[in-house]
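Inspection log for the structure reproduced underneath, given as structure tokens.
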Amino acid sequence: MTRRMALSVLTAAVIPAQAGPARVSCRQLLRVETPSWTSTSGTLTLWTREKSSDPWQQDGAAIPVMLGRNGLRWGRGLHAVPRGAPVKREGDGCSPAGIFRLDTAFGSMPAGQSGSARWPWRQMTPTYAGVDDPASRFYNRVVDAAAVKKDWKSAEDMMPKSGAYRRGIIVQHNWNQTPNAGSCIFLHIRSRKPTAGCTTMSEKDLLRLLACLDPVLQPLLVQLPAAEWPGRGAAWGFPAMAKSR
């Protein structure tokens, strides 16, 4: 599968309300666990299985991650949100909980220098923007402002001086672009502080994920507090407890 083909597959579908076939066909899992709903840090473990009917196997050591400054709230993805549960909103400082597809990886260098072995890569330039204006038709999308008619009042710089976006991966949270439901959620390079809603890690650990991610395995990101994993993780068919490595 070429990178162009992989990208078209990843971005074609609008996320439904429940996981359905995507959960069953997933053979690569990024499993994030936090101590509680309000925790700003946690661990990410990578899991794989040969066939969808096989048991999950942990792949390598756990990765320390940082999350939103206000912890987790249910996001919009491949899961059903529990009735009455708090749901992520734009600007709430929470990372999204639930099941999510991953979209394109991105960064400041060309694909050949990205460290991405099979995952589709988009090189950023100074004209790229992560649109967080709910009134824009490009809300919750990373776009090249030089290639579209600008209709937003606010957006993220995709080449910040901090270097946090030197490498990153777009998370398909709120992919149907519901206004004010949260935007521009990424996996990216960690700074010293909790985030506005992204999940971050060291560049070394992010490079490890980029080297492993494979569109053929249909990877998913699942983020939950520890207390939710035994019930919801098991019901979804994902490993309920991380192994010690």
Side-chain angles (χ1 to χ4, degrees), residues 9-40 42-49 52-53 55-56 58 65 67-68 70-104 139-141 169-187 195-200 209 213 215 217-242:
V9 170
L10 288 165
T11 58
V14 174
I15 291 180
Q18 298 191 29
R23 173 183 57 78
V24 175
S25 59
C26 167
R27 290 184 288 134
Q28 192 170 50
L29 175 69
L30 281 65
R31 178 194 187 282
V32 173
E33 177 179 309
T34 64
S36 70
W37 283 101
T38 58
S39 299
T40 60
T43 58
L44 182 154
T45 45
L46 181 65
W47 297 72
T48 59
R49 56 184 178 180
S52 57
S53 58
W56 289 98
Q58 186 176 333
V65 294
L67 295 99
N70 291 318
L72 290 168
R73 281 186 186 171
W74 286 103
R76 293 173 178 264
L78 292 167
H79 54 279
V81 175
R83 187 184 301 270
V87 179
K88 178 170 174 55
R89 302 288 291 171
E90 187 71 39
D92 64 3
C94 292
S95 294
I99 311 171
F100 307 96
R101 289 192 179 100
L102 299 175
D103 203 74
T104 321
Y139 177 60
N140 197 26
R141 294 293 188 270
I169 304 168
I170 298 172
V171 177
Q172 286 191 357
H173 164 263
N174 188 30
W175 213 237
N176 61 358
Q177 298 175 288
T178 299
N180 289 304
S183 62
C184 298
I185 302 298
F186 310 136
L187 305 178
T195 73
C198 295
T199 298
T200 64
L209 294 184
L213 284 175
L217 302 180
Q218 300 188 48
L220 295 174
L221 169 69
V222 183
Q223 303 193 134
L224 287 173
E228 299 287 340
W229 270 105
R232 297 192 191 280
W236 291 339
F238 298 130
M241 301 298 291

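For the single chain, residues carry numbers from 1 onward in sequence order.
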Minimum-distance pair of heavy atoms, taken over all atoms of [X] and [Y]:
X	Y	answer
Leu102	Leu187	CD2-CD1, 4.3 Å
Asn140	Cys184	OD1-N, 2.8 Å
Gly68	Ser95	N-OG, 2.8 Å
Ser25	Gln218	OG-OE1, 3.0 Å
His173	Phe100	CD2-CE2, 3.7 Å
Gly237	Trp56	O-NE1, 3.0 Å

Could you list the residues that satisfy side chain to side chain contact (heavy atoms under 4.5 Å, CB included) with [X], not counting sequence neighbours?
X	answer
Ser36	Thr38, Ser39
Ala181	Arg76, Asn174, Thr178
Thr48	Gln28, Asp59

Under the side-chain hydrogen bond (donor to acceptor under 3.5 Å, both in side chains) rule, collect the residues that match up with Arg232, sequence neighbours excluded.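 Arg232: side-chain hydrogen bond (donor to acceptor under 3.5 Å, both in side chains) contacts with Glu228.
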Margin query: The criterion is side-chain hydrogen bond (donor to acceptor under 3.5 Å, both in side chains); which residues satisfy it with Thr200, sequence neighbours excluded?
Written below: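 Thr200 satisfies side-chain hydrogen bond (donor to acceptor under 3.5 Å, both in side chains) with no other residue.
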Rounded distance (nearest 0.5 Å) linking atom [atom1] of [X] with atom [atom2] of [Y]:
X	Y	atom1	atom2	result
Thr34	Leu72	OG1	CG	4.5 Å
Trp47	Cys26	CH2	SG	12.5 Å
Gln172	Thr104	CD	OG1	8.0 Å
Leu44	Gln223	CG	CD	8.0 Å
Glu33	Leu224	CD	CG	9.0 Å
Trp229	Arg31	CH2	CZ	4.5 Å

| What pairs meet the salt bridge (Lys or Arg N to Asp or Glu O under 4.0 Å) rule with one or both residues in residues 81-99, with sequence neighbours excluded? |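 Qualifying pairs, neighbours excluded: Arg73-Asp92, Lys88-Asp92.
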Query raised in the report: Can you name the ring pair (Phe, Tyr, Trp, His ring centres under 6.0 Å) partners of Trp37, sequence neighbours left out?
Result: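 Trp74.
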For this session: Indicate yes or no: at least one non-hydrogen side-chain atom of Leu213 is less than 4.5 angstrom from one of Leu30.
Result: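 Yes; the side chains approach each other to less than 4.5 Å.
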Discussion item. Measuring only between side-chain heavy atoms, which start at C-beta, is Trp236 closer than 4.5 Å to Leu78?
Written reply: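 Contact flag for Trp236/Leu78 side chains = no.
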